[in-house]
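For the single chain, residues carry numbers from 1 onward in sequence order.
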Amino acid sequence: MPALQTPARQANRLYHDLLSPAQTRELRDRVRKIAADVVAPAARRIANGDERVDGFPRDVFDGLASAGLFRVPFAAEVGGDGLTHPVTATAVAIEELAR
């Protein structure tokens, strides 16, 4: 199978994320690495698999869980990351994973 080629991120060149909270910028970097390490190797399998209830690979789901991504939107009191801007952080995480 040929290696997947990822197009260059134009946003990195054109847009400097100066207004986002530091926590959100740090999360973006962390999720980019997780996406590259956990999601990208399975991207072809996910994209070409059947859409069904059990169609998302369990190993990828477990990798995201072990990286702590499912804690992002929740308060620390209930086991979450307890971020200051959880909605923004969640949107950023989803955006990175979608890419």
**Request:** Report the C-alpha separation of Asp37 and Lys33 in whole Å, then their side-chain angles, then the decisive distance to 0.1 Å, and conclude whether the salt bridge (charged side-chain N to carboxylate O under 4.0 Å, His left out) test is met.
**Result:** CA-CA 6 Å; Asp37 295 346; Lys33 180 164 179 17; 2.6 Å; yes

Could you tell me which non-hydrogen atom of [X] sits nearest to which non-hydrogen atom of [Y], and how far apart they are?
| X | Y | result |
| --- | --- | --- |
| Ala36 | Ala40 | O-CB, 3.5 Å |
| Pro86 | Thr90 | O-OG1, 2.7 Å |
| Ala67 | Arg30 | O-NH1, 3.2 Å |

Euclidean distance, [Y] [atom2] relative to [X] [atom1], rounded to 0.5 Å:
| X | Y | atom1 | atom2 | result |
| --- | --- | --- | --- | --- |
| Ser20 | Arg28 | OG | CZ | 6.0 Å |
| Leu27 | Leu83 | CG | CG | 6.5 Å |
| Arg32 | Glu95 | CZ | CD | 8.0 Å |

Can you get from [X] to [Y] by hopping between Ile, Leu, Val, Met, Phe, Trp and Tyr side chains that sit under 4.5 Å apart?
| X | Y | result |
| --- | --- | --- |
| Leu69 | Phe56 | yes |
| Phe61 | Val38 | yes |
| Ile46 | Phe70 | yes |

Can you find a pair of side-chain heavy atoms, one from [X] and one from [Y], that are under 4.5 Å apart?
| X | Y | result |
| --- | --- | --- |
| Phe74 | Asp81 | no |
| Ile34 | Val39 | no |
| Val92 | Arg25 | no |

**Asked** Is it true that a side-chain atom of Ser66 and a backbone atom of Asp62 form a donor plus acceptor pair closer than 3.5 Å?
**Response** yes

**Prompt:** Can any side-chain N or O of Glu96 pair as donor or acceptor with the backbone N or O of Ala35 at less than 3.5 Å?
**Reply:** no

